[in-house]
Structure formats: structure tokens, C-alpha cells
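Protein chains get the first letters and strands the later ones, always in sequence-line order, with residue 1 at the start of each.
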Amino acid sequence: MSYINREREDSEEEFLLNFMVNIILKDGTKKEYDKGTSVLEVAQNLSSGLARVACAGKIDGELVDLRIPLNDDCNLEILTFEDDGGKWAFRHTGAHILAQAVKNLYPDVKLAIGPAIQTGFYYDFDIDKHFTEEDLANIEDEMKKIVKAKYDIETFTLSKEEALKLMADEPYKIELINDLPEGEIIRFYKQGDFVDLCAGPHLLNTKAFEAFKLLSTAGAYWKGSEKNKMLCRIYGTAFSKKADLKAYLERIEEAKKRDHRKLGKELELFVIMDEGPGFPFFLPKGMLLKNNLIEYWRELHQKAGYKEISTPIILNKELWLTSGHWEHYRENMYTTIIDEMDFAVKPMNCPGCMLVYKSKLHSYKDLPLRMGELGLVHRHELSGALHGLMRVRNFTQDDAHIFMLPNQIKAEIENIMKLIDEVYNAFGFKYRVEISTKPEDSIGEESVWETATQSLIDAMTELGYDYKINEGDGAFYGPKIDFKLEDSLGRTWQCGTIQLDFQLPERFELEYIGSDGEKHRPVMIHRVVFGSIERFIGIITEHFAGAFPTWLAPVAVKVLPISDKYAEYANNVADQLNEKGIRAEIDYRTEKIGYKIREARMERVPYIVVVGLEEQETNTVSVRSRQKGEEGSFPLNEFINRVESEINTRFNYHTNITNEFSK
RNA sequence: GCUGUUAUAGCACAGUCGGUAGUGCACUACAUUGGUAGUGUAGAGGUCACGGGUUCGAUUCCCGUUAACAGCUCCA
């Protein structure tokens, strides 16, 4: 809040002579203005066009209102809707217009908060009713009136006492005011007769807010805590141009078409039944996909020096007490009684792996020891959190635990970062990285946590990653680096994670014999690359819109005989393909060829080959590829070589996929 | 788990202002033996999610349960 402080300090100096301020613009130009010139006035001076579309400013990297006077030399940027900060101010103004409209229509409503978000804005209301679609339409109309009224948006500040008095009828605002640190400027924005507590920035007038739409309503807890009252939230989105709004709404519709739950059903990959909420069934096609991923994973990890193990799904209570899960993860665990003793279904693979480590004596020469496990874990997730394959109650983690000497930590983390980067890039994913620190409910010494967290930060810095810190979001046994991938609607899902753990080796009293002949404690890393095979399948299904690259596709080639006279030749073709490890299927049905092609295309099969009399006589196939459409006839062995090399090169090919299913 | 919405054939959906239900695709049979995005005809398939209540009568109205969907919270 440095600009606010500047504003205050300087107001005491107002008696002094007007000084000039030197500002440096985004393009590096230096300009001189009278002290007290506002950001807006600078914009107007630069160009009236810029001033018209300006939404906010940025002083020395800090987002500010256009009305803010410049009192010190600084770097200044004028932000429009095209800039993140400008977009934020624009949409935040939308939240205020929404609140004003709701207040006009429902005077008894109590206002909570209403920020801009990545996809638009929302406002939380405390009201006895719930908003229907019809209500949303009415509110939208009311918002349009406010926009048409072209209210100037003004801002002012008040002392705490005055602010509390002004907001006397708004209990949530009072709570917010009381939560502000002592001495903080309490700022308000006003448009027409609507006043809201807000740090800003905002637009100058409501008239610019034309291209918007209210999208949905939802329940949301006050201050995001499930202990608090649930409020009614209205979501909306807005753009500076109507065409952009239209394009965005169309994009949402497009994204729905590639929802993995819809495609999973259509492509017969998986089903989730009422009999097992959150427990997916994999169908033959989904199983092929899953096994293809696993095969890739095994190849990758073998090269990277991992050894694969498998540990039991059910283990006794004693083990979970030792690991700390019984105390810290109990509510997510499924338990059972066997021979009158307590057992738990594993929610994580680590304790089992600990036992494997302890099953023999290790020398420092064995380290780092990288033990992978495709472990099936079960976790009781809240019913409302379940979401197709993205959030399930049993899933296969592509887990690995790495035991090492303390001086091997950085190198190992870097190895894993590179491995994850290789895999995500291969699929063409963009991802975000976050570091999560010590949570409230945790085990182990503070100093150990600090060392662990620092070594994660060091590795990230060394590799030049941009990362965000999530305070208090770590696992109960250690800090972690999380890798987040986006789904088709822009929601992010945690996939890869690297977790440093000094606790479990301690609890399980793991040891290795050092070069000094003495026993020492190894350090451990937990890590996953896909995260869970299930979630990853969900994400790649949406990413490829079901048109999986040939190496992954459940069926690589669909053979379509023109009629059953050519079934034998079709068999011959499919056999030769399958012999080379190319998954081929034959559609024997006595349907018209056009019909069979249509169905095969709906299945997103990479290659369709049509065989009839002509092909049989010349030992050729008529090829139709997903990428290029009808390609004509090729000798069978030429086609086989082509597909075989495409599968072997895996990712070198998929980036070219362009067809109506992958837009 | 919380707030809201929803639940009709394998799938996508109509419908019944309370008198036990239809369309398309898929499925089965027959005919059609075909050349790059949907062949024709016929047939079979549903205690209208489950449990209560109101009613002469409930798939329809009310309550509860379960599940799904959107969001919140939580997470791989």
C-alpha cells in the first residue's frame, strides 16, 4: 500500500510549492508533470484515445486508481482492458454494478464481497431467497439501466468511525472495516446512490460496462470458511468489446463438448455407477488407454533409474499409527476389521514403501534409491467434491519414493523437475508451479521444515522457474512443489507433486550405513508425475478432445471391409497390423461403407482403412487419416511402416493434430 | 460435507394442469453385398432413482434418502 502512504505523507506537504515529478513510461520515455497530476491526466496528455480506454494505472508495479495523484518520481503504466490490472478494475466495477442492481431490486440484501476473478467477477449476498434464472435476467436488466445512466464513479476516504457509521446497516462491511489494520486508509466508491467499501481501483463511469453477462449462482461461505454462513454468490463475466464476450461464451460451449465425462461415455473409456460413487469402472477402451500410459511411464522410469515395487492395499493400524496417518489423515481413510484387528485401506503408498526400504540393510553406495509404485489408493473425498475422473475416491498414483543422502536432495529434485517437464511438454501442456509450506496440522520440528522448504525454493530458483507460494498448504509431513494443469474450462488440477520428507524416515527409523561404517538417517522425497492416472486421463481426454495421438489411442486403425466378401482380407490386414503392435479393429457389420466411416470418425480413430476387391487384388489399403482425410491407396506394408514409426516416435507426431475434434 | 438444481428405456431427451408413458440413436430380426460422414421394414425394451405421505387413484403434489450437475470447502 505504498502509494496510499505516499498520498498521506504528501497531503501534509500540500502547503509547499508545487514540485515537478519525473515519471518513466512503459516504453522507457521520461516525462515531467506538475506534482499532483493524476494518472488519468497523464493518460489524457499522452493521447485522448488512451485516456478513453484506460481502466487503471500501475505505479512502480502497484495497481492504482486513475484518480490517484502522482506525488513522487515513479515508473508509470496506463492499463487498459488488455492488461491484467485493467481487466481487474473493469470487472471489479462490474461487481459493484451487480451489487447496486441487486440492492435496487432487493433492498434488504446484505452485501458481503465482490471481487474480479480470472474469468469475470462475482458478488456474495446475504439474502433469504435464492436467485433463479429469471432473477438473473431481471438483475441483468437492472444492471443495464445502471450502465445507461452513465453514473460517474467517485471515490472518497473516511476515518474508521465515519466508515462504521456509514456502513451501519451492512454487518459484513462492518466486519471487514474492523479487520483492517490500524491506520489503513478506508476507501469507498460511489456511483449514483450506491456506496461500497472498496480499495479500488475502478473505472471512472459505469457507461463503459456494456459487454457483460451473468452466468450462474452458487453458494459460497463467508470468508471461504465452512464454519461461516453460506451466502448466495452471483457469477458474471465482462469484456471491453461485445465481440469478445460472444467469443468467450462460445468458447465455454466448445469446452463443454470436450468434457471428459461426456467423451468418456461416448468413447466408452470409463463409467461411474451409483453403486460406487467416486469409484470409476474402466471399460476396455479406457483400459487400453490406461495401459498405454503406464507402458510409457515404465519406459521413462526405467531410463531414469527407478525400480518398481508393489505394496498391499490393506495394512494394519499399527503401520498407520507409525506413519501419522491414523492421527492426521483418519477422516479420509477407509478402515476395516480383520480377525478382530483394525486395518486401513491405504490412502497413500509411502508407509508400504518404508517397509520395503526396511526389509534390507542399505549402504550409502545404494543411494539415491528410487522406488516407483503404481499404487492404487483410496481416499474418502467429500461427496460434493467428486468430479468425473478428475476427483475420485480410488485412483492409481504413479508414485515413487526416493531415499538419499542430504547432499543429494537438490540434484534429485532437479532430476524430477526435468522428468515432469519432459512429460508435460511431450503432451503439449502448459503448467503452473507452486510451493506449499507447513500446514497447521503437521508433524516435525520447525527448523527441519525450514531447511526442507528452503531446499525446494533453491532448486526452483536454480532451474529458473516462476512459482507461487501457498502458505500452509503442504502435506502434514513436509513441504511440496505442486504442478497444476488446466482443463478445458480453465479450471486447474493438481497433477505432479514433489514432496520433501524428513519425518517418515525418522518415524520409521530408516537407516543406511555410511562410509564411516556408522548408521545414518536417509532423506526422502515422495513424487508423482501424472499425479493420478485417472486424473491424467481426464485431462488428456479434454486436451486432445478425445482424438488421442496414435500411440495412445485405444484403437489405432479401424479396418472397414466394403462387404463381407472381403472379411478375410480385412482379417489379414488387421493381423499384420496387430503383429507389429498396432491396435487394429475390424467393423464386420453389413452396413454401408459411408455409415461405417461415419462411426469410425465419431470414435476419433487415427486411421481408417477401407478394403474391397481392388485392395484385395493389389494387397493395398485405402487410407483415411484423422489428420488429412482421404489419402488414397497405399501398399499394405508401406502403411504398416508408416503407422509403426509414428507410434514409436510417440510425441513427435501429436503436435500436428488438427481436426474438428481438437479445436 | 454445505448452498442450489436435477433424476423418465443402454444413451440423448419429450411428456403427463394427478387416471401407470413417447421420439431419436443404440439393440434384435428380415431384406439389402455396398467405394469414403447416417439403407429400408418390422420388433423388443421402462414398477417414470429409492422409501414414506396426501389422494378413490401418484411417474406427476409434499417429506426423506441416494446419486448426478454448478459453485463453496477440500485435494492426486
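A cation-pi contact links A:Arg233 to A:Tyr122, judged by a cut-off of 6.0 Å to the six-membered ring centre and 45° from its axis.
Between B:U33 and B:C17, the distance separating the two P atoms is 49 Å to the nearest Å. As rounded to the nearest Å, B:G10 and B:U73 have P atoms that lie 38 Å from one another. A distance of about 25 Å separates the C1' atoms of B:G34 and B:G43, rounded to the whole Å. Here, B:C48 and B:A9 have their C1' atoms 10 Å apart, quoted to the whole Å. Between B:U59 and B:G71, the two P atoms lie 34 Å apart (nearest whole Å). Using atom P as the reference point in both B:A49 and B:U32, the two lie 43 Å apart (nearest Å).
Remark: A:Glu631 engages A:Arg642 in a salt bridge (charged side-chain N to carboxylate O under 4.0 Å, His left out) (not counting sequence neighbours).
The number of heavy-atom neighbours closer than 6.0 Å to CD of A:Glu175, taken from other residues, nucleotides and ligands shown, is above 12.
Which of B:U39, B:A76, B:C69 sits closest to the side chain of A:Arg261 comes down to B:C69. For A:Ala385, taking side-chain heavy atoms from C-beta onward, the closest of the listed nucleotides B:A26, B:C74, B:G34 is B:C74. Residue A:Tyr595 has its side chain nearest to B:A26 when only B:G35, B:G71, B:A26 are considered. Among B:A68, B:U39, B:A76, the nucleotide with an atom closest to any side-chain atom of A:Leu386 is B:A68. Side-chain atoms of A:Ile593 lie closest to B:G35 of the nucleotides B:G71, B:C75, B:G35. The side chain of A:Ser563 lies closest to B:G34 when the candidates are B:G34, B:C27, B:C69.
Residue A:Thr217 is classed as having no contact, given no heavy-atom separation below 4.0 Å to the nucleic acid. As judged by a 4.0 angstrom heavy-atom cut-off over every strand, A:Lys265 is placed among residues touching the sugar-phosphate backbone only.
Side chain to side chain, A:Asn571 and A:Tyr588 meet the donor-acceptor criterion of an N or O pair below 3.5 Å.
Listed pair A:His387 / B:A70 meets the phosphate criterion, a side-chain N or O lying under 4.0 Å from OP1 or OP2. In this structure, A:Tyr235 reaches the B:C72 phosphate: one of its side-chain N or O atoms is under 4.0 Å from OP1 or OP2.
Remark: the A:Asp564 side chain and the B:U33 base include a donor-acceptor N/O pair separated by less than 3.5 Å.
Counting heavy atoms from C-beta on, the side chains of A:Arg601 and A:Arg624 come closer than 4.5 Å.
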